[in-house]
Amino acid sequence: MTEDAVVDVPDRDLITIGAFAARARLSAKALRLYDRLGLLSPAYVDEATGYRYYRAGQVERARLVAMLRQLDMPLARIAEVVAAGDGPTAAELLGAYWADVEARVAGQRTLAEYLRGRLSGRSSEMYRKFAVETVDVPGQVVITEKRHTLADELPTWIGAALGRLEEAARECGGVTGVPFVAYHAEVSMESDGPAEACVPVADEAAARAWAERQGRAWETAVRVEPARRLAYTRITKAQVAHPQILAAFEAVEEWMAAQGLAPAGPCRELYFADWAAAGADDPVCDVAFPVS
């Protein structure tokens with residue numbers, strides 16, 4: 001006897017898995033998978049036979065799960081959406097997921113372009129896509145946090161470190177310039193820098209007092225950055241991801257060599273935009289080298 005066989009059930013509104021699958025336009029195999037994953041459970045399971053029965057009202061949820069799976073949504077996020085039911089909360093959860101997808105695809109597209117240029121020997125052509133300029137930056141007092149970190153941990157650390165420093169800047173007269181991250185050595189999956197998060201502040205004495213209170217808990221420091229000329233190129237949020245950001249650094253280096261300029265300090269990334277509010281194609285960062 002199959003699961004679609006007609007047997008006595010306690011509620012005549014219940015329908016067999018086969019009939020339900022036909023209404024939901026899914027296979028019985030898919031419904032068993034959804035049950036196993038906790039995404040859509042039968043309304044009733046016969047203890048003696050193990051047969052699964054559903055209610056007609058579960059059809060829309062079954063179709064929703066199927067469509068969300070077509071978006072490659074992780075199972076945990078599908079569970080959040082279906083638990084929210086119909087309404088703005090579920091729509092917001094879906095919107096947040098799709099924004100993440102678009103950001104990831106934008107980053108992958110940029111990486112693919114970078115790798116195509118590398119593999120085809122067209123690096124110089126690729127670098128010409130970056131507009132490089134120079135800007136003079138006045139001397140400034142910066143509070144800093146330094147850390148040895150690999151590339152996969154770098155984005156999380158940058159956000160946290162700049163957040164801590166911008167909060168601390170309130171005790172140091174306020175933020176007076178664009179926050180940046182300086183690289184004292186290469187950061188990759190094999191090399192851990194260190195990197196140094198920096199926030200310009202107004203009051204040097206207050207900044208030194210703040211650093212003294214911090215001790216070495218976060219490897220914090222205060223220093224006076226001299227006036228510098230920076231060679232830089234502006235990149236989007238999607239281009240910030242490693243390793244595609246390397247194309248921007250290489251483009252600036254090639255431009256510097258063509259202009260007869262030499263690096264005069266550690267390269268850096270200047271974050272001038274609201275990262276959380278920016279879209280994948282919005283400019284958010286200047287990749288720069290101090291030059292002489």
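These numbers were taken from a predicted model, which means no experiment stands behind them.
Residue pairs meeting the side-chain hydrogen bond (donor to acceptor under 3.5 Å, both in side chains) criterion with at least one member in residues 280-292, sequence neighbours excluded: R234-D286. Contacts classified as salt bridge (charged side-chain N to carboxylate O under 4.0 Å, His left out) and involving residues 172-195 (residues at least two apart or in different chains) are not found. Under the salt bridge (charged side-chain N to carboxylate O under 4.0 Å, His left out) criterion, the residue pairs touching residues 156-177 are E145-R164, E167-R170, E171-R213, with sequence neighbours excluded. Among residues at least two apart or in separate chains, salt bridge (charged side-chain N to carboxylate O under 4.0 Å, His left out) pairs with a member in residues 268-278 are E225-R268. For residues 59-74, the set of pairs meeting the salt bridge (charged side-chain N to carboxylate O under 4.0 Å, His left out) definition, not counting sequence neighbours, comprises E60-R63.
K237 places no side-chain N or O within donor-acceptor distance of the main-chain N or O of G279, the cut-off being under 3.5 Å. Panel note: side chain T220, backbone T144; no donor-acceptor pair is recorded below 3.5 Å.
L75 and L40 end up in the same hydrophobic cluster when Ile, Leu, Val, Met, Phe, Trp and Tyr side chains are linked at under 4.5 Å. Both L165 and V141 belong to a common hydrophobic cluster when Ile, Leu, Val, Met, Phe, Trp and Tyr are linked at side-chain heavy-atom distances under 4.5 angstrom.
Listed by chain and residue number, nothing satisfies the ring-ring contact (aromatic ring centres under 6.0 Å, His included) test with Y34 (two or more places apart in sequence, or in another chain). Judged as a salt bridge (Lys or Arg N to Asp or Glu O under 4.0 Å), and not counting sequence neighbours, the contacts of E196 are R223. The salt bridge (Lys or Arg N to Asp or Glu O under 4.0 Å) check on D35 picks up R52, with sequence neighbours excluded. Qualifying side-chain contact (heavy atoms from CB on, under 4.5 Å) partners for D136, counting only residues two or more places apart in sequence or in other chains: R229. Checked against salt bridge (Lys or Arg N to Asp or Glu O under 4.0 Å), R77 has the following partners two or more places apart in sequence or in another chain: D100. Residues that satisfy the ring-ring contact (aromatic ring centres under 6.0 Å, His included) test with Y54, not counting sequence neighbours, are F20.
Cluster partners of V45, using a side-chain heavy-atom cutoff of under 4.5 Å among ILVMFWY residues and allowing indirect links: none.
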